[in-house]
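Comments concern the structure below.
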Amino acid sequence: MLAVNFLLLGAALFAIGVYGVIARRNAVMVLMSIELILNAVSLNLVAFSLMTGAVDGQVFALYVIAIAAAEVGVGLAMVLMIYRNRKTIALDELSEMKG
Amino acid sequence: MTNLSDRQQLSYIASQAADARLNVELETEGMTLNIGPQHPATHGTLRIICRLDGEQVVWAEPSCGYMHRGYEKLTEVRTFPQVTTLVNRIDWLGSFANEVPFILAAEKLMEIEAPPRAQVIRTILFELSRIANVTLFLGDLGVQMGAITPVFLAFRDREYVLNLIEGATGGRFHPNFDRIGGLKDDLPKGWIDETRQTMVKLRKFCDIIDDLLFGNEIFQSRMRGIGIIPADIAKDYGLTGANLRASGVDYDLRRDQDIALSYDMADWKVWTHPDGDSWARCWVRLQETREACKIVEQLLDQIPAGPIMTKVPRIIKVPAGEAWVSTENPLGEMGYYVVSKGDLGPFRVKIRSASFNNISIVPWALKGVYVPDIITILASLYFILGDIDR
Amino acid sequence: MSAVILAADGVNVSQNVGFGIIAAIMIFAALNVVTTKNVVHAALWLVVVLSGVAAQYILAAAEFVAISQVLVYIGAVMVLFLFGIMLTRAQIGKEAGLNNTGWVLGIPVGLVLFGLLAWVILDAFGDDLLPDRGPAPTVMLSDQFLGIYLIPFLAISFVLLAAAIGAIVLARKD
Amino acid sequence: MIQLAIEIPYWAQSVLRVLGGLVAVLLPAGTIVYLFLFKMMSFMQSRLGPMEAGPYGSLQLVAEVGKWMQKEDLAPDAADKSIFKIAPLVVLLSTFLLVVVIPFGPDALFTNFEVGIFYGLAVASVSVLGILIAGWASANKYSLLGGLRAAGQLIAYELPMVLATLGVVIQAGSMNLQQIVVAQNTGEIFGFGGVGNPYILTQFIGFVIFMIAVQAELTQAPFDMPIAESELVSGYMTEYSGFRFLIFFIAEFATAGVFALIASVLFLGGWGIPFDWFGWDTIDSVDNWMNLAGPLIMFTKMLVLTFIIMWVRFSFPRFREDQLQTFAWKVLIPLALANTALTAILKVAF
Amino acid sequence: MPEKPKVPGLFKGLGVTFGILKDTVVNGANTVQYPHEKEAPPIRSRGVIALHEDNCTACMLCARSCPDWCIYIEGHKQLAPARRAGGKPRQVNHLDRFDIDYALCMYCGICVEVCPFDALFWSPEYEYSEPKIADLLHDKEKLGEWMETVPEAPELEAGAQKK
Amino acid sequence: MSVFLRDYLTVVWFGLAALAVGGLLLGLAALVRPSRPNYDKGIAYESGVDPVGIGWSQSQIRYYVFALLFVIFDVEAVFLFPWAANIERYGTFGLVTMLIFIVLLLDGLVYAWKRGLLRWV
Amino acid sequence: MGLVDRGRMPAPLTKLFNMSRSYSLWVYQWGLACCAIEMGAAFGSPRYDVMRLGVIPLPASPRQADFVCISGTVTDKMAPAVRRLWEQMPEPKYAISMGSCANCGGPYWDSYSVTKGVDQIIPIDVYIPGCPPRPEALLEGVVLLQQRIKNEDMAAKWRGDEFTTQQATRERERVAAAPAIAAPARPDREPIVVGGGPIE
Amino acid sequence: MAPLSDATDTEEQPLALPGDGLREGIIEDLRRRIGEGVVDTHITANDDLWIRVQTGAWRQTAVALKAAGFTHFSFISGLDWMPSPFGKGEEDPTAEPKEPDTEIRQGVTGGETRFQVFARLVDLDRHVGVTIKADVPDEPFAVDSWSMVFAGANWHERECHEMFGIGFNGHPDLRNMYLPTDFEGYPLRKDFPLLARMIKPWPGIVDVEPMPVQPDVTDDGTAGEGSASDEPGAARGESEADAEPATSKGDE
Ligand code: SF4
Ligand code: SF4
Ligand code: SF4
């Protein structure tokens, strides 16, 4: 089974995630796109660990999962706070409201 | 498929429009929750509109009338016997207790009094109907709290009481047994012994409920300190019965007025509770059930021999006048203000039902409680729809 | 998958087939995540992607990671997401204005990015085969994060702690 | 399992397994509903329960299924149809994936993961998704509140469950359920091996926590606030009718069965009987008839545990929402962690 | 709530339910299995009104005092043979129609009470549900049929006094 | 294909079986059941009156807090299991490390608790 | 979609389905007035225990209910809710009218706020007389309903005809044959007279 | 857990009825507080007390009585003293209609207007209650609201408003609480008809066709028995009762 399969898949997810980050306006959506990117990364990590036969990659995948959890937690918390104060979670509006 | 008649269609649209208006008032930040008219939590068809903030009620308004049957108007076009049987249906759990004050009022106007035997039997049946009423309350309490078993036990043991009532009066629910000047009929043979055995069963039931609910820590944790009603507020809203006594006010019409019922023949006790929370209300009711058993058992031994009916004309015309009689019904003070013009039927009857006052405190009592506590408080206030809406 | 394929040695067809199917589903779901018009739908598509990733981990013989993926991502993080969404009044049906005005910009960027990555990858790992290893026993993992990767491990616990406290404070500031 | 693999081709095995899985999911569900929900509940209220449909109402379940099949399948106009429709399936899915890991005998098992229990906990947490989206997609406030409550409660009580299993894992030194069973039936308590070492003895706290958590995961009284009739009509199921409701219904009780099975594997010694009664020492030396006896033993233990669950359900009033959460976070989780730490320390010490 | 519920109360509850379970299994439930076995309501129970037609003189008292206006009576005068031999034939009311609308009746018993000629009786029967509401209007034949089910009035408790 | 993968294939089969069972029965039901939608059927059930209001309040935020704590502890569990499975191997060292780990995360809970953030309102 | 309403259901299956419908009747908890308590007694009291007949009072929302027992007084204010809750039940569904009030106003036949009979709002399958009917009477009504369901013509029911059983059809003919009885029986049953209101 | 208070001893409670002296005292007290507000009073011996106050002094009375110890609110309602123009719908159309009397006669403590409001307050300590009445003038058709004196009065006044149309000045919201929103008319007014009774023919109308007259039966003593002559049912009922004492059924 070819390594590039995993890597290409990861790349595709990565690209889609990036598109999402750029295109989406809703903060929650952006967070989801970031999740896509992170998963792409850890997919690659696992693939590499399979190649090299060392499990470091898997350990790091675990770490990535942990970090992702923390990131989502904080991100959503901020979103909620903003929503409670501004009643919107559209990012560009927020940047306007900054002024 | 039949259709709504125009009138109903109209009232439908209109009432929905009214709701909409209400909602406009309500619909701000929070979420509005409708409990009722069809809702397991409201034993009957009470509807409660709550504005929630999260799980917390910021505003609550009962909207009654889903069971408004227009008693006060109907009494004006019925003769006294017909009214007697009609008012049975106001508090449908303790039906016999509804007749008594009305009959007493009529007797007061006619300045006659039932013979002692009739009075004692009246009192016994009165207490039996109180038991029939409160047992169901205790069982239903369990359902509201999520314990499904008690209600079945309540129904099981309530059946015995209903059998007694039916055996004596002929109606499980709506006895129509009182007559102006006495009772329709005397007790059938063997009734007294049966009653004694039943009372034993019911004391056992009270103990079971005590173990199953009142002794249960979860139950206590949900009732204690919830929905506290201080005494002065209670008086202000005209609360009566166990709701009032649970707030520490020691007032019981069975004891505190002299009336043609023979409570003074029995030795019993008025229970009060200082807390005024849901727990207190339920606990007082439990104790009152036990007291009721006590009263019945004592009175059974003291039924005097004699007639059960004074001499009254076959067709009763009540002399003109006004009279107010109220008794301590299972739900609280129930009174009739009877205005007679000397006809076959009353001229106007104002029915002062307990639940109407008891439930009018709901907007005050529900402020700031959790959604689950709504149920607790409603259950412990214990209303009956027919008694609210009449 | 018949015994023939099972017997076939060398490049394992059945695995490739499985990979292909899952990958296709994942890509489709991922595209939906970034294009759908309803936040909750997006979240659910994301669930599909994540389960796909878990499946790929299995194929890549990373059993423990896969299950952790299910436990943490699908079981916890997505619940978190859904809570977040529902608390911000996700309405049912299509929702306008989920996209930026300049969302078209994203397409070329994404494509270019993918092109570059693909080129690099193909260039680097042309066609070297993945060894067909059994699953790495869990003990190897614990060896790692209780061994050489101990410091990052503790660091992560710090991060989690900070995240928890920070998030709670943010969320409950009222 | 290896032997099976040799005997019959793979596809046949898979079919067998799937069929076995169906039985393992539906049989407990049916038994629980009829035996406990209908009969035992009625008896506890001195009633009889279904009597007319078949002798002693034994055909009641058939009637139920047949009827539910004929019920109209409603979805509110405002609802998110697609999600509304798939939500029950998600819950059912989680149940089926859960049953995969349970071993019913030395060879009678579906799969033999190294990380079995871990896998089980993972897939168990999927049902939360189903419930959440069910509540959300119904476009009904009762459903929504119910869904949120249910999800909040499920995640709150999943943690104690996970942590309670940790103790077992530490003692058995493995996450593989099969090995856990073996460890319990070969183990010995302080040198006395007569009854093996079912972890309910050494891990009693863990067991209690686990059962409480199960009770909560199944949203049975006293933890049934999310589907409390008297406040939120039926919680997230309020809008569901027809067969989809039945699926929820089945899933609920099937999950009850499966959790009971897992609990019996973790704490009651699973399919096994103390090995040295028959002089077995390792898993391979176990006689083959255990493959038949095993499932029966499991079934019995399952019935015992579900009886307890239902018994509690019919006896207690329900907690309030905040009491639920407080109980989970301030009592169970610290307790479970302490239990884990204690077990770990003892294990390391001796 | 107290963090951990204290044991006794909870276990008492469990004890109660289990006790009932045992009780039911051992002594059987106190259920009357309706379609197969029926329990007899008390004698006085107001189930359905039976009409003893010969006694009725169409005096309309019951119809007049019925609060629900649910008794419909029609009759005509006719000659009946004399009471004693040689007497003139008497003029009596013959009952043409006597309907009680049980869909409307409120089972108050007033009619039975006021009837001066003992033509109406209470029977404890209760099984007459109908799929069509019109059939709840019992005509005098059907009301007559109920007569067989009318029980004897019960004897009274000690100390009662017949007026 | 390795035993390990076959096991997981079994999982897939079970998943498909679940969907198949559900789908099949639903399909059968679809053949039998009537369908007579009308307006009232369509509107959400709210005790028999029109649904009142929309949306819900943000103070449901607490659900989020608990979910967050859940995530954190879930992650903790992920790291605890491998250690627990072969605990002797790491002996006291692993024990200490893990205790540190647990205590660190507990701090989060304790903090929230002390700040009264675990209260329900 | 459905085979049934296109009459493609094989007879034995129909029998089977009828049986299962008749033995699994989920009724939803809805009390209106005094009769509701007697209904509760029938459902709840161990002495009657309607669960024996397969009537299961579990569901709290109409979505999961098969039949509803209109037990008690229906006021004009309640009528729309009754109607809606009925509509919200999924087909096939049945209704029992319990007590004089539900049948046609009962003691409140002349009240200004009471609907004279619930059958003006929803189709009723079985009328139970009484005020209140004894629980046994309700049980009898249920048994009657079960018999009706057992020889029900599914197609007709599925199409939503008003009369779906042989009995009903025969009843209809019988009543049509003798309108004399029905006509004066209930002059206040025209829907014009509902409650009070000013005299124009 | 609060300690469960035992009941206060029932024995020492004054079971003796508050005598009329007490009631006199109450009246005096009230006169002192609201002076001319008290228009008329009525005491039934050892039983009850009515006080009629001026419309203007309605709320004042509540305040005064509350201060005087009548802290428990029982009810407020209205009275319509006009005899109903419709009767019971139980007239025999064949009999010539009786002239409906339209004279308004107030009850105890009299009054000037057709409508009156009346309320009842209780003194829980002295176990004595009092009924207060006040006229409702036609213009403005309202009295002051008690809802700020007794919170419980709120709903009662809503009900009274809905049933009689009486207004209550200063009431927070006089929304309907019972009837459907499209309901016109005030049900408890005497001139509000019950349509069903109007439309449904009374089955009590004597419906016994007389026999084709025959010469030989003219003055038959037995003929009267149970025959439906046209004398009003009630009177005949009595005569029946006397003629035939009810037998056997033991329900008299
Ligand atoms: S019982 Fe009452 S309602 Fe029924 S017919 Fe007799 S008088 Fe009329
Ligand atoms: S009162 Fe008796 S005699 Fe007179 S009509 Fe009625 S039933 Fe006949
Ligand atoms: S029929 Fe009788 S018992 Fe039933 S609701 Fe009406 S009044 Fe109450």
Side-chain angles (χ1 to χ4, degrees), chain D residues 10 14 17-18 21-22 69-74 76-78 88-89 92-93 95-97 99-100 110-113 115 118 138-142 144 148 151-152 155-156 158-159 162-163 166 169-170 173-175 233 238-239 242-243 247 321-322 325-326 329-330 333 337 341 344-345 347-348, chain F residues 3 6-11 13-19 21-23 25-26 28-30 32-37 41-47 51-53 56 60 62-63 66-67 69-70 73-74 77 80-81 84-88 91-92 94-95 98-99 102 106 109 113 118-121:
Chain D
Y10 177 76
S14 310
R17 292 208 181 99
V18 169
L22 284 180
M69 281 185 69
Q70 307 167 58
K71 293 301 280 183
E72 194 174 7
D73 182 25
L74 297 179
D77 297 343
L89 292 179
L92 193 65
L93 183 68
T95 312
F96 268 83
L97 294 190
V99 84
V100 172
F110 303 120
T111 61
N112 192 5
F113 299 144
V115 292
F118 192 51
S138 300
N140 173 323
K141 283 199 293 297
Y142 298 126
L144 182 71
L148 285 177
I155 58 177
E158 184 165 349
L159 276 179
V162 174
L163 298 178
L166 263 178
V169 173
I170 292 178
S174 159
M175 287 185 267
V233 179
T238 304
E239 287 291 349
F243 213 82
I247 290 182
E321 187 67 6
D322 55 338
Q325 297 284 352
T326 325
W329 290 101
K330 296 187 180 174
I333 292 178
L337 278 174
I345 294 173
K347 181 89 175 181
V348 173
Chain F
V3 173
R6 281 193 188 172
D7 275 1
Y8 279 97
L9 206 52
T10 319
V11 174
W13 296 146
F14 270 64
L16 292 183
L19 299 184
V21 169
L25 293 175
L26 278 170
L28 282 180
V32 185
R33 64 170 176 245
S35 159
R36 291 217 305 281
K41 254 183 208 158
I43 55 183
Y45 161 79
E46 194 153 324
S47 302
V52 185
W56 49 94
Q60 304 279 351
R62 59 173 164 275
Y63 285 117
F66 288 113
L69 284 172
F70 167 66
F73 279 88
D74 232 11
L80 282 182
F81 266 97
N86 7 51
I87 184 162
E88 276 109 346
T92 327
L95 197 56
M98 278 307 164
L99 283 184
I102 295 179
L106 265 184
L109 183 62
W113 190 338
L118 287 189
R119 75 187 191 287
W120 191 240
V121 235

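Protein chains get the first letters and strands the later ones, always in sequence-line order, with residue 1 at the start of each.
Closest heavy-atom contact between D:Trp329 and F:Phe70: CH2-N, 3.7 Å.
If you measure heavy-atom distances from F:Leu106 to chain D, the contacts under 4.5 Å come from the side chain alone. Only the side chain of D:Ile247 has a heavy atom closer than 4.5 Å to any heavy atom of chain F. With a threshold of 4.5 angstrom between heavy atoms, D:Ala344 approaches chain F through its backbone and through its side chain. Of the atoms belonging to D:Leu22, it is side-chain heavy atoms, and not backbone ones, that fall under 4.5 Å from chain F. Within the 4.5 angstrom heavy-atom criterion, only side-chain atoms of F:Ile102, from C-beta onward, approach chain D. The part of D:Leu337 that comes within reach of chain F is its side chain, from C-beta onward, which places non-hydrogen atoms under 4.5 angstrom from that chain. Both the backbone and the side chain of F:Leu28 come within less than 4.5 Å of a heavy atom of chain D. Residue contact with chain F, scored on non-hydrogen atoms closer than 4.5 Å, involves the side chain of D:Leu97 exclusively.
Checked against a 6.0 Å centroid threshold, the rings of D:Phe96 and F:Phe14 do not count as neighbours.
Taking chain F as the reference chain and counting heavy-atom pairs below 4.5 Å, the highest number among D:Val115, D:Leu93, D:Leu166, D:Leu92 is found for D:Leu166. For the options D:Ala341, D:Gly173, D:Ala151, heavy-atom pairs under 4.5 Å to chain F are most numerous at D:Gly173.
Rounded to the nearest 0.5 Å, atoms CG (F:Leu69) and CG (D:Leu159) are 9.0 Å apart.
For D:Ser174, the side chain to side chain donor-acceptor pair (under 3.5 Å) partners two or more places apart in sequence, or in a different chain, are D:Gln179. Contacts of D:Asp73 classified as side chain to side chain donor-acceptor pair (under 3.5 Å), with partners at least two apart in sequence or in another chain: D:Arg244.
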